[in-house]
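This chain uses plain numbering: 1 for the first residue, then up along the sequence. Note that the structure is predicted; figures quoted are calculated from it, not measured.
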Amino acid sequence: MSKVYLSLGSNLGDKEKNLRDAVLKIEERIGKVISLSALYNTAPWGFESENSFLNAAIAIETSLTPHEILIATQQIEKELGRFRKSVNQQYTDRLIDIDLLIVDDLIYKENDLVLPHPFMTERLFVMEPLAEIAPCLIHPVSGKTMKEILATLH
C-alpha cells in the first residue's frame, strides 16, 4: 500500500460540496482516506478572479499506481464538472481541481506526471493544508518537512 497526498480546490459553485463530493469519489475509487485537512479559504493563484478558492489536502492509502491515481482523479474532475485542465500554467476558475502531490518517497518524471508535484512547495494554498495533516512528512527532493517548507512561504 502506498501513502498518497492530494491537493483539492474549488472556486465555483458550492465549493464545500464540490470538495466533499471529490473526497467521497476518491475514497470509492482510489483508496482509504486516512487524513483530511480543514478547508482553507484562499485567493486565486496564477490568475485574476473574483472567486476565492476553498482548498484542502487529503492523505489516502491505495494499491493503485501513480498513473492509475492520475487517471482516476482526472475522471473524478470530469464527473464533477471540470472539462479543461490548465495548460502551460494558464489557470482559470474551476469547479474542482485535484492534484497528485506525493506518493510515498517516489521521485518520478514523465510527460504527463511529475512526482513530487513540481510547484507544490511554491504554493501556500497547497502547503498550509498539507502541513496540517502531515507536518513531519519529508519532501522526497528537498529533504525538508512540510512544516519547514511552509515556514518559508510565510
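Formation of a donor-acceptor pair under 3.5 Å by the Q74 side chain with backbone atoms of I71 is not found in this model. Judged by distance alone, the side chain of T62 and the main-chain N or O of I30 form a donor-acceptor pair under 3.5 Å. E77 places a side-chain N or O within donor-acceptor distance of the main-chain N or O of I98, the cut-off being under 3.5 Å. In this structure a side-chain-to-backbone donor-acceptor pair under 3.5 Å is present from E27 to V33. Within the 3.5 Å criterion, the main-chain N or O of L95 finds a donor-acceptor partner in the side chain of S10. Of the possible donor and acceptor atoms, one in the side chain of N18 sits under 3.5 Å from a partner among the backbone N and O of L12.
Side-chain heavy-atom separations under 4.5 angstrom define the hydrophobic clusters, and the remaining members of the one that includes V141 are I107. In this structure, L24 shares a hydrophobic cluster with no other residue, the cluster being traced through Ile, Leu, Val, Met, Phe, Trp and Tyr side chains under 4.5 angstrom apart.
The line from CG of L101 to NE2 of H117 is 6.5 Å long, rounded to the nearest 0.5 Å. Between the OG1 atom of T42 and the CG atom of L54 there is a distance of 7.5 Å, given to the nearest 0.5 Å. For the atom pair CG of L8 and CD1 of I58, the computed distance is 6.0 Å after rounding to the nearest 0.5 Å. Atoms OG1 and CD, on T152 and E122 in that order, are 10.0 Å from each other to the nearest 0.5 Å. Taken to the nearest 0.5 Å, the CE atom of M146 stands 10.5 Å off from the SG atom of C136. Rounded to the nearest 0.5 Å, atoms CD1 (I149) and CG (L130) are 8.5 Å apart.
The side-chain contact (heavy atoms from CB on, under 4.5 Å) check on E128 picks up Y40, L124, L150, H154, with sequence neighbours excluded. Residues that satisfy the side-chain contact (heavy atoms from CB on, under 4.5 Å) test with L113, not counting sequence neighbours, are P66, H67, L70, L100, Y108, L115. The side chain to side chain donor-acceptor pair (under 3.5 Å) test applied to K17 returns D21, not counting sequence neighbours. With sequence neighbours left out, the side chain to side chain donor-acceptor pair (under 3.5 Å) criterion links S142 to no other residue. For T65, the side chain to side chain donor-acceptor pair (under 3.5 Å) partners at least two apart in sequence or on another chain are E68. Annotation: side-chain contact (heavy atoms from CB on, under 4.5 Å) contacts of D105 (sequence neighbours excluded): none. Legend: residues meeting side-chain contact (heavy atoms from CB on, under 4.5 Å) with A56, ordered by chain and number and at least two apart, are L36, S37, L39. Evaluation of the side chain to side chain donor-acceptor pair (under 3.5 Å) rule for D104 yields S2 as partners, not counting sequence neighbours. Partners of K25 according to the salt bridge (charged side-chain N to carboxylate O under 4.0 Å, His left out) rule, which considers only residues two or more places apart in sequence or in another chain, are E79.
Counting heavy atoms from C-beta on, the side chains of Y5 and I60 never come closer than 4.5 Å. P116 places a side-chain heavy atom less than 4.5 Å from the side chain of H139. The shortest distance between side-chain heavy atoms of L19 and I96 falls below 4.5 Å. Contact of the Q75 side chain with the R29 side chain is registered, since non-hydrogen atoms from C-beta on lie closer than 4.5 Å.
I26 is not connected to M1 by any chain of hydrophobic side-chain contacts under 4.5 Å among Ile, Leu, Val, Met, Phe, Trp and Tyr, and they are in different clusters. The hydrophobic cluster containing L106 also contains V4, counting ILVMFWY residues as joined when their side-chain heavy atoms lie under 4.5 angstrom apart, directly or transitively.
Side chains of T121 and K144: no donor on one and acceptor on the other come within 3.5 Å.
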### Message
Could you go through K15 and S52, starting from their C-alpha distance and side-chain angles, then the distance that decides it, and tell me whether this counts as side-chain contact (heavy atoms from CB on, under 4.5 Å)?
### Response
CA-CA 10 Å; K15 297 178 259 192; S52 66; 3.3 Å; yes
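The two atoms that bring V126 and S7 nearest to each other are CG2-OG, 3.7 Å, heavy atoms only.
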